[in-house]
Amino acid sequence: MRRIGTTIFALAAVVAVAVVAGLAVLANAHSLEQEALVARFSVRHEPAPKGIVVVGIDSASLTDLGPWPFRRSEHAAVIDRLHRAGAKEIVYDVQFTEPTTPREDLALYRAIGRAGGAVLATTEVGDHGDTNVLGGDENLKRIHARAAAANLDDAERGVATRFPPALAGLPTIAVTTAERVTGHPVQRGGFARDQALIDYRGGPGTFPMLSFQSVRAGRFDPNDVRGKIVVVGATAPTQQDVHPTPTSGSKLMAGPEVQANAIWTALHRFPLRQVPRWVDVLFVVLLALAPALLSLRLGAAAVSLTAVGLAGLWVVGTQLAFNAGHVVAAVAPISSLAVATAGGLLAIHLAERRDRRRLERESAVLEGVVRERTAELREAQFEIVRRLAQAAESRDEETGQHIERISRMCGMLARAVGLSDAEAELIGEAAALHDLGKIAIPDAILLKPGKLDAHEWDVMRRHPELGAGMLAGSGSPLIRRAETIALTHHERWDGAGYPARLAGTDIPLEGRICAVCDVFDALLSSRCYKPPWTLEEVVAELELQRGKHFDPELVDAFLALVPELYADLYEDAEALFTASVTELPSPAELRQPAQRAS
């Protein structure tokens, strides 16, 4: 009874620490939650939006119509064209606060009046929400136009994810446009914590786009804008109105497209909303309790594996909630789960140490049992890594043995270049998670038998960063090493790899080791998009890429290992390769230049 009471007390302390840790992450780790939000956007696919068109002031417009800023009569001509074509509402994401010439200003002013008004962007707002757009708000009122704040919330990592209802009392573009189109005020309930999440419908180019110059010249189909909201603004990169967004990937999205997404969000009554803070806190507490309660009945391995399963279910659950329009904190609850799991394992470990001392005093015969349980804890840590790696690879049955071979080859190569047995074992185990990021890649891309198109390739190339992000922030040497391998195993010695285009020894050694082993096994193995290569072809390819794709010293060391690892790791040699184990060339022969088989 005393032992049970002590354990419960220890676990209660663990839960308290885990809850505090989770709440601290919830309050401060905005960048981590931002990464999780970006990941959820990347795997969600929505139908193309309707009812909004972007007229872009692109590079062709700047070339044809002269240097920026354009004369205001040019903008007037575009507004007249859009009005005659039947545009429902014109939103101008260009600021007209400073006067030019009376003739030019009056031309723009009258065109807006003929169109029945427009929404005009500004970033200069007075203390009482007043503006100086086209001479002031009274002037705008006479032509039924309204000024609107163009500001976006891009404070977190520079990514535009939210927009406020107003700036200094002046409603934002999205709110103003939605109110003019619907005739009803936008409900402020969609602005949790005075910010609304932009429900991005896709990446750059999602909304139909017309060139400003083409509209100015009348070279467009009026049906493209009839009955629609038209957002006019700068899309040329030289205008510097571009933003990283959760759906733009490595590209940037033009400001008018961001505004179009915000307008769509406001028109559809904010379909994507952050859950109340108390819901996130509740999940932090529940996930902190789970491993502690399990620790009362289960061993370390079972608690660890169950915690991994809970983390996986949580990731899936937050994605499903996101798809349904609810943004739930992802990182904070998992942080509390991780801390509680570690604390639960520590509590188990401490309890076992106490038992071990008692058993040592009682009988030396039980000494072996104590060592076995200690080894079980260590094996449980490696088992978690292997099972997590298998989860990442499980959708592709052709790579079922890939992670096991990669682990062993990386360990062998690490020893061959002089690392200690402990360091080599750590690298070998960590290498199992090199493709963890592929768990977030859609099946349609991951299992595609043919060549990936540019968009699919961009998605596929995210898996190193996705995998590293899932592993980031750990205090475990194994997980930190796995994070490094996941992030850098597609870098190349010549700097042409990804995601960071590192070169030479700037690439961590473990990443360079995994790159050689990963390519060797991938080429020898059958994939949905290719048949297996022969051993001679693979050796020739490694020699060819020596000093280009791969570290030349690692290639030399690896080729010396080929006879041993080939015989050890590839059992059905006759079925897969043209050479048998006894026919393999010597290490010296393998280092000679070789020609790829035709």
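Position 1 is the first residue of the sequence, and the numbers go up from there.
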*Asks:* Counting N and O atoms only, with roles assigned by atom type, does the side chain of Thr176 sit under 3.5 Å from a partner on the main chain of Ile173, one being a donor and the other an acceptor?
*Replies:*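 Not a single qualifying donor-acceptor pair exists.
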
*Asks:* Does any N or O in the side chain of Glu124 come within less than 3.5 Å of the main-chain N or O of Asn132, such that one atom is a donor and the other an acceptor?
*Replies:*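 It does not hold such a pair.
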
*Asks:* Looking only at heavy atoms, which two atoms of Leu134 and Asn139 are closest? And how far apart?
*Replies:*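 Of all heavy-atom pairs spanning Leu134 and Asn139, the closest is O-ND2, 3.0 Å.
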
*Asks:* Taking Ala178's backbone N and O only, do any of them form a donor-acceptor pair with Thr182's side chain (distance below 3.5 Å, no angle check)?
*Replies:*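 Checked: pair present.
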
*Asks:* Pairs in or reaching into residues 106-121: which pass side-chain hydrogen bond (donor to acceptor under 3.5 Å, both in side chains), with residues at least two apart or in two chains?
*Replies:*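 Those involving residues 106-121 are Asp80-Arg114.
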
*Asks:* Heavy-atom count around Glu46 CD within 6.0 Å, excluding the residue itself: above 12?
*Replies:*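 Above 12, so yes.
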
*Asks:* Say whether, by atom type as modelled, one donor and one acceptor occur between the side chain of Asn261 and the main chain of Arg201 under 3.5 angstrom.
*Replies:*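 Yes, because the side chain of Asn261 sits within donor-acceptor range (under 3.5 Å) of the backbone of Arg201.
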
*Asks:* Do Thr123 and Gln95 have side-chain N/O donor and acceptor atoms under 3.5 Å apart?
*Replies:*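 Present: a donor and an acceptor within the cut-off.
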
*Asks:* Would you sort out whether Phe207 and Trp264 count as a ring pair (Phe, Tyr, Trp, His ring centres under 6.0 Å), showing the intermediate values?
*Replies:* CA-CA 10 Å; Phe207 289 90; Trp264 189 97; 8.0 Å; no

*Asks:* Could you please spell out the steps behind the ring pair (Phe, Tyr, Trp, His ring centres under 6.0 Å) verdict for His463 and His489?
*Replies:* CA-CA 11 Å; His463 81 267; His489 72 283; 5.8 Å; yes

*Asks:* Is there a donor-acceptor contact under 3.5 Å linking the side chains of Gln319 and Asn323?
*Replies:*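 Side-chain D/A pair, Gln319 to Asn323: present.
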
*Asks:* Is Thr265 reaching over with its side chain to a backbone N or O of Asp199, donor-acceptor style, under 3.5 angstrom?
*Replies:*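 Looks like yes, one N/O pair under 3.5 Å.
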
*Asks:* If you count the non-hydrogen atoms of other residues, nucleotides and ligands that lie under 6.0 Å from CG in Asp453, is the total more than 12?
*Replies:*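 Enclosed: over 12 neighbouring heavy atoms sit under 6.0 Å from CG of Asp453.
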
*Asks:* Given the rule in the side chain to side chain contact (heavy atoms under 4.5 Å, CB included) test, do Lys228 and Ile52 qualify, once you have shown the distances and angles that lead to the verdict?
*Replies:* CA-CA 6 Å; Lys228 298 176 182 178; Ile52 302 178; over 6 Å; no

*Asks:* Does a side-chain heavy-atom distance below 4.5 Å link Ile198 with Thr245?
*Replies:*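 Side chain of Ile198 against side chain of Thr245, heavy atoms only: no contact under 4.5 Å found.
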
*Asks:* Would you confirm whether Asp280, through its side chain, and Ala329, through its main-chain N or O, come within 3.5 Å as a donor-acceptor pair?
*Replies:*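 Checking the backbone N and O of Ala329 against the side chain of Asp280, a donor-acceptor pair under 3.5 Å is found.
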
*Asks:* At their closest point, which heavy atom of Pro49 faces which heavy atom of Thr206, and how far apart are they?
*Replies:*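 The answer is CD-CG2, 3.4 Å.
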
*Asks:* Are the side chain of Glu491 and the backbone N or O of Arg501 linked by a donor-acceptor pair below 3.5 Å?
*Replies:*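 Yes, Glu491 side chain to Arg501 backbone: donor-acceptor pair under 3.5 Å.
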
*Asks:* How about Arg269: does its CZ atom have over 12 heavy atoms from other parts shown lying under 6.0 Å from it?
*Replies:*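 Open.
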
